[in-house]
Amino acid sequence: MEAFHLLSRGGAKFNKKRFSKDLQLFHSKSSSSSSDSKASTEKTLDGLKTGELPVELDFFKYAPASGSGSGGAGAGLKAKSEAIAKEQDDQREVADRSAPSSPTGKKRKRDAGEDSAPASAPVTLRHKIATTGSNVPPPIERFSDLSDRYRIPPLLLKNLSEHGYTTPTGIQTQGIPILLESRDLAAISPTGTGKTLSYLFPIFAHLSVPSSSRTAESASTGAGVRALILSPTRELAGQIYNESLKLAQGRKWRIVLYSKATGATLAQKEVRDKIDIIISTPLRLVSALKQGTIELKNVRQMVFDEADRLLEQGFLPQIEEIIGACTHPNLRKAVFSATLPAGVESIAKSFLFDPIRVVVGLKDAAAASIKQSLVYVGSESGKLSTLRQLLASSPPLPLLVFVQSRERAAELHQELLYDGVAVDVLHAEMTAKQREESVSRMRQGLTWVMVCTEVMARGMDFGGLRGVLNYDFPQSVQSYIHRIGRTGRAGREGDAITYFTDADAPYLKSIANVVHSSGWPVPSWMLALPKPSKIKRRVLKKMPVERKDIGVVAGRGIGKGDAVRRRDMVRASKRRKASGDVPGDGERGKDAKGRRSEGEE
DNA sequence: AAAAAAC
């Protein structure tokens, strides 16, 4: 109720300049790299290798489906960390999931997800699939149905089952046939429901014979790249690449994860012409086009992952340039995302030909398996202490913490480092190498808390991730849905906590609506808030994560001691891992049903 | 509506 009064006044005012000195102390001092971490990312950099799966690929994925991070009260973070691994092993019954912040004890709705209809119901009903468009091919029931209807290389189905893909998800049942029939597609399916596989499988099925081993009989496919996948971030591109390697096992398809390094490797046309698939971020590809080091004339399949992001202002000109370079008459395009605002969808429709639109579940909805809660923290200064309390009690670990800017990510990372948390950071100001290592440490289970910016909000799949914290309030409903969608993937449970302050009032209502419509309790006054109008949003960018004037630990630089401490922390974390107490341990390789999860968007 | 990300 106190919150309501504060909120109805329209939020507190902040003096940004006041904190600029503190900010300078923090600025660009964050070094996330650790000499101890062995990032085995070289493989993914060399796109020309048809190589093996990175060792770490499946380490962190597929944690148990049941249970939460809540347990013994008052336990410190380290004790907690150790307890959690054990918990995950024998946890079958769902523990008390009411977090300290949970507004009420109301039971969650479980009918918003897939598979709520009886098993005998048609697939479209079971998965809540709605399609529009002409001549929509019927969905499949099982992956094996595909070979009855289409010519599928048997190797592909073998690779599917060998990587644990047993039953197609909703988007896969409908999306795969559509793409196999070479139709354009706009696919909207919640986070963690296997969108990546939905487009990768048809790409490989169409490729059939690798460019490098083409015979006269199959030479009609022409020379050069035949499939192109675009992603808004490097990390997601890398993840898609890793997923594609799963399907590519046993055949010499050449898949290129486009980077500066690969650009140089591809100087000769003969090398380039043997590429089958390119996975890239837009700008990287555009610069290659400008340098004339890549041709896209032979591309017949094009996928826009996180399409609504790719079609935002900043990316759009690059996207247009890339589409312009794909001149093959049989070019088919597909856009995929968990969210597709109407305005962006109409842009997509403008370059799709007679598209089929598939919506799984409700459009712009959060995944049903994520527990969502909104936590009032008063003002900016309340965030850090609330987070410290969370970390000291029963945090959902591993945890991804979203902040609004790179500066704030670096600061919060430092703060938590001082607290002795196995924390890491990822934002776009870091070098490519630092970013790779940060992701790698996360996948290896060396990191319990990753502080990050929006760069990690979409597509990333840390299968074992138990929680997402919106330390800074998300700037849009789409951002919220994608951020919290980093957890609760493939039907597993996840915890999403969102801090809000008085200053977040203008957009609280729209996020509260998402929480509410997902079946989670929300105070009625939140839903009754006025629509976001012209109330000015606070600029968080330069706001230090903690105000100096309220004491505790304010801005400090990094000293030698801190570096040592960091190394020790990683070592300790490794020891825990070695003794089997850390996520990333092989024991977590499967979920409660012993089944593996599907790929991702 | 706005920062972040894309090189």
Side-chain angles (χ1 to χ4, degrees), chain A residues 11 16 23 28 45 228-240 257-264 278-291 293-294 304-323 337 339 341-344 400-410 425-436 438-439 451-460 470-480 482-483 486 503-511 530-543:
Chain A
K16 273 169 273 163
L23 185 65
S28 77
L45 277 178
L228 175 60
I229 301 166
L230 293 175
S231 145
T233 64
R234 277 186 221 143
E235 282 73 20
L236 181 54
Q239 184 178 288
I240 296 165
L257 176 58
Y258 225 83
S259 71
K260 263 194 191 126
T262 49
I278 282 183
I279 304 165
S280 180
T281 52
L283 201 55
R284 184 64 254 170
L285 201 57
V286 166
S287 69
L289 281 170
K290 287 200 170 123
Q291 290 168 8
T293 54
I294 195 69
F304 301 84
D305 205 344
E306 307 298 343
D308 51 335
R309 176 76 186 84
L310 288 174
L311 297 174
E312 274 175 28
Q313 284 310 313
F315 276 123
L316 196 52
Q318 303 157 32
I319 296 297
E320 283 168 345
E321 193 160 344
I322 294 166
I323 292 179
S337 186
T339 55
V344 182
L400 206 52
V401 179
F402 283 98
V403 295
Q404 196 49 47
S405 70
R406 303 161 182 185
E407 287 95 333
R408 286 176 61 81
V425 63
L426 202 155
H427 57 74
E429 207 164 65
M430 293 158 58
T431 66
K433 193 179 171 220
Q434 286 175 324
R435 288 168 65 166
E436 280 162 23
S438 189
V439 169
V451 181
C452 61
T453 59
E454 206 65 16
V455 69
M456 296 303 282
R458 286 171 174 261
M460 294 310 293
N470 289 312
Y471 188 88
D472 291 340
F473 207 71
Q475 298 284 66
S476 69
V477 165
Q478 286 75 26
S479 165
Y480 177 74
H482 286 276
R483 282 180 178 190
R486 295 319 95 213
D504 297 315
Y507 286 88
L508 182 57
K509 182 194 170 83
S510 57
I511 304 299
K531 279 194 176 164
S533 57
K534 303 220 161 74
I535 317 171
K536 259 204 176 162
R537 258 188 96 64
R538 176 186 43 150
V539 182
L540 267 174
K541 190 172 175 352
K542 305 272 180 189
M543 180 77 66

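Proteins come first, then strands; the chains are lettered A, B, ... in the order of their sequence lines, and each starts at number 1.
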Side chains of A/E235 and A/L426 in contact at under 4.5 Å (non-hydrogen atoms): yes
Min side-chain heavy-atom separation A/S337-A/H482 under 4.5 Å: yes
Any A/R458 side-chain nitrogen or oxygen under 4.0 Å from OP1 or OP2 of B/dA6: no
Interatomic distance where CZ belongs to A/R284 and C1' belongs to B/dC7 [whole Å]: 7 Å
Presence of A/S476 side-chain N/O under 4.0 Å of B/dA1 phosphate oxygens OP1/OP2: no
side-chain N/O A/R408 vs B/dA3 OP1/OP2, d < 4.0 Å: no
Interatomic distance where CD belongs to A/E454 and P belongs to B/dA4 [whole Å]: 10 Å
Euclidean distance, atom NE2 of residue A/H482 to atom P of B/dA2 [Å, nearest integer]: 20 Å
Check: A/L257 and A/R284 side chains under 4.5 Å, non-hydrogen atoms: no
Nearest-nucleotide pick for A/S287, side chain only, options being B/dA3, B/dA6, B/dC7: B/dC7
Sugar-phosphate, base or nothing in reach of A/P282, heavy atoms under 4.0 Å: nothing
Shortest side-chain distance from A/R435, nucleotide among B/dC7, B/dA6, B/dA4: B/dA6
Any N/O donor-acceptor pair, A/R309 side-chain to B/dA4 base, under 3.5 Å: yes
Closest nucleotide among B/dA3, B/dC7, B/dA5 to the A/V455 side chain: B/dA5
Length of the line joining A/Y258:OH and B/dA6:P, which is rounded to integer Å: 17 Å
Integer-rounded Å distance: B/dA4 P and A/L310 CG: 19 Å
4.5 Å side-chain heavy-atom contact, A/R486 and A/M456: no
Spacing between A/Q475 atom CD and B/dA4 atom C1', to the nearest angstrom: 10 Å
Distance in angstrom units between A/Y480 OH and B/dA4 C1', rounded: 21 Å
Phosphate OP1/OP2 of B/dC7 contacted by A/R234 side-chain N/O (<4.0 Å): yes
Check: A/R406 side chain, B/dA4 base, donor-acceptor under 3.5 Å: no
Nearest-nucleotide pick for A/A428, side chain only, options being B/dA1, B/dA6, B/dA3: B/dA6
A/Y471 OH - B/dA4 C1' separation (whole Å): 19 Å
Side-chain touch A/R309/A/F315, heavy atoms, less than 4.5 angstrom: yes
